[in-house]
Amino acid sequence: MSASSLLLSPLNIRGVTFPNRVVLSPLCMYSANCGVATDWQFAHLSTFARGGVGLVFAEATAVEPRGRITPRCLGIWTDEQAEALKPVTRFIKSMGSVPGLQIAHAGRKASASPPWDGGKPLPVGDTSWGDPAWSIVGPSAVPLADGWQTPHALSEAEIADLVTTFADSARRAVTAGFKALEIHGAHGYLIHSFLSPLSNQRNDAYGGDLQGRMRFALEVTEAVRAAWPPDLPLFFRLSAVDGKGWEIEESVTLSRELKARGVDVIDCSAGGITGAPAFRVKDDGTPAASGDRPLGFQVPYAEQIRREAEVKTMAVGRIVGAQQAEDILIAGRADLIAIGRELMYNPFWTLHAAETLEADEAQANWPEQYRWSIVRRADLNQQSRP
Ligand SMILES: Cc1cc2nc3c(=O)[nH]c(=O)nc-3n(C[C@H](O)[C@H](O)[C@H](O)COP(=O)(O)O)c2cc1C
């Protein structure tokens with residue numbers, strides 16, 4: 001897209017060129033069948049590629065069956081699951097966009113119902129959502145909240161197996177055709193639950209001080225980086241603050257360590273360790289009420305991590321306007337803009353943003369199947385506004 005807008009201009013990371021800096025934030029769809037993508041994933045993700053999004057991230061995709069949030073979450077622990085994602089990546093590439101995958105393990109937040117059913121913990125064996133609900137795992141035997149299962153505290157041998165499992169998923173992501181990969185280290189899921197002193201009460205090498213609590217995240221990152229091709233970018237999503245003992249200073253330290261291990265972009269989200277909505281830190285450093293989410297509420301985290309850890313960052317969270325996104329980039333507060341709900345609301349957000357920012361006067365960025373008639377529509381609308 002045109003270089004007159006930073007948002008719409010390309011960005012190179014390793015051997016990949018993103019055609020612009022708009023990213024579809026990973027969005028769970030709870031529509032897979034035994035972890036295998038269905039027509040829904042194709043229809044959903046292809047829409048954003050048609051809409052000109054530079055990097056289309058598929059949803060949190062479990063590295064093992066126990067790592068799904070719900071029985072209907074996507075997985076990549078089998079070759080069949082990787083195969084089912086090939087049409088998705090092929091189509092996204094055909095539109096000039098980059099297909100990305102987020103690999104995840106839900107840890108003590110696993111085995112729940114979809115959000116439209118309240119996101120409730122399911123009793124082990126419950127089959128209301130397909131596969132029977134399962135026993136969950138975590139760093140310590142500390143449940144998320146009342147009514148949730150008490151997780152099995154993973155042994156060191158089981159942790160080592162999971163590190164390998166993450167790497168195996170990264171290899172399958174290559175086979176499936178993805179060109180960017182993100183490790184989900186946020187929102188209270190397994191990796192975040194190791195980072196947090198609230199959920200990690202271990203007294204072995206994987207707990208205790210910050211170094212111990214970061215160990216699992218760093219081992220996963222090293223294993224994934226070794227399995228993921230050196231010419232392809234690796235992202236890490238963290239909860240920059242969680243309001244329960246994990247603060248921005250720890251995120252800066254973690255980001256430096258991740259960068260040293262080959263992470264290219266830190267995706268700066270927040271919250272989730274208690275299951276409550278994301279937190280925001282006020283100017284005085286205290287967490288703001290969870291409902292208090294102004295536009296761009298997490299951008300300060302992307303800005304601080306970018307500056308202090310000297311790493312590329314992706315900003316996310318209530319970025320809704322073209323000029324808002326452009327201003328974040330121009331001010332050097334982030335390198336990429338991830339958008340979730342606004343893109344679901346308007347999958348052609350990027351193409352409209354290009355018009356707003358006057359970066360696409362000839363509608364050159366529309367798919368050719370649409371462009372010729374979109375141009376005519378624009379001409380007609382010029383002549384007589386509807
Ligand atoms: C329906 C839905 C599903 C989501 N699924 C994921 C997910 O799979 N992985 C993840 O890291 N975040 C997930 N999120 C969080 C989004 O990626 C994003 O960070 C959040 O919605 C804030 O961005 P927004 O204000 O642009 O929507 C989800 C959010 C929504 C609304």
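Basis for what follows: all heavy atoms, side chains included, without hydrogens, waters or symmetry-related copies. Atoms within a ligand are numbered from 1 in the order they appear, just like the ligands themselves. Residue numbers count from 1 along this sequence.
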Tell me, which protein residue and heavy-atom name are nearest [atom], and how many Å apart are they?
atom	answer
atom 9 (N) of ligand 1	Gln102 OE1, 2.8 Å
atom 2 (C) of ligand 1	Leu27 CD2, 3.7 Å
atom 18 (C) of ligand 1	Ser25 OG, 3.6 Å
atom 26 (O) of ligand 1	Gly340 N, 2.8 Å
atom 3 (C) of ligand 1	Cys28 N, 3.3 Å
atom 14 (N) of ligand 1	Pro26 O, 3.5 Å

* Asked: Under 4.0 angstrom from ligand 1, any heavy atom of Ala186?
  -> no
* Contact between His187 and ligand 1, counting heavy atoms under 4.0 Å? -> yes
* **Six-ring centre of Trp246, Arg213 cation under 6.0 angstrom, axis tolerance 45°** => no
* To do: Could you tell me the separation between the CD1 atom of Ile305 and the OG1 atom of Thr253, rounded to the nearest 0.5 Å?
  => 10.0 Å
Got a donor-acceptor contact below 3.5 angstrom from the [X] side chain to the [Y] backbone?
X	Y	result
Ser255	Ala309	no
Gln324	Val320	yes
Gln382	Ala378	no
Ser196	His192	no

* Mark up the atoms of ligand 1 that fall under 4.0 Å of a heavy atom belonging to Gly317, in ascending order. => 22 (C), 23 (O), 25 (O)
* Just jot down the ligand 1 atoms closer than 4.0 angstrom to any heavy atom of Val316, in number order. => 18 (C), 19 (O), 23 (O)
* To do: Among Lys312, Lys259, Arg14, find the residue that satisfies the salt bridge (Lys or Arg N to Asp or Glu O under 4.0 Å) test when tested with Asp264.
  => Arg14
* Structure fact -> Among Arg341, Gln298, Arg237, closest by heavy atom to atom 11 (O) of ligand 1 is Arg237
* Asked: Do Tyr370 and Arg50 have a side chain donor and acceptor closer than 3.5 Å?
  -> yes
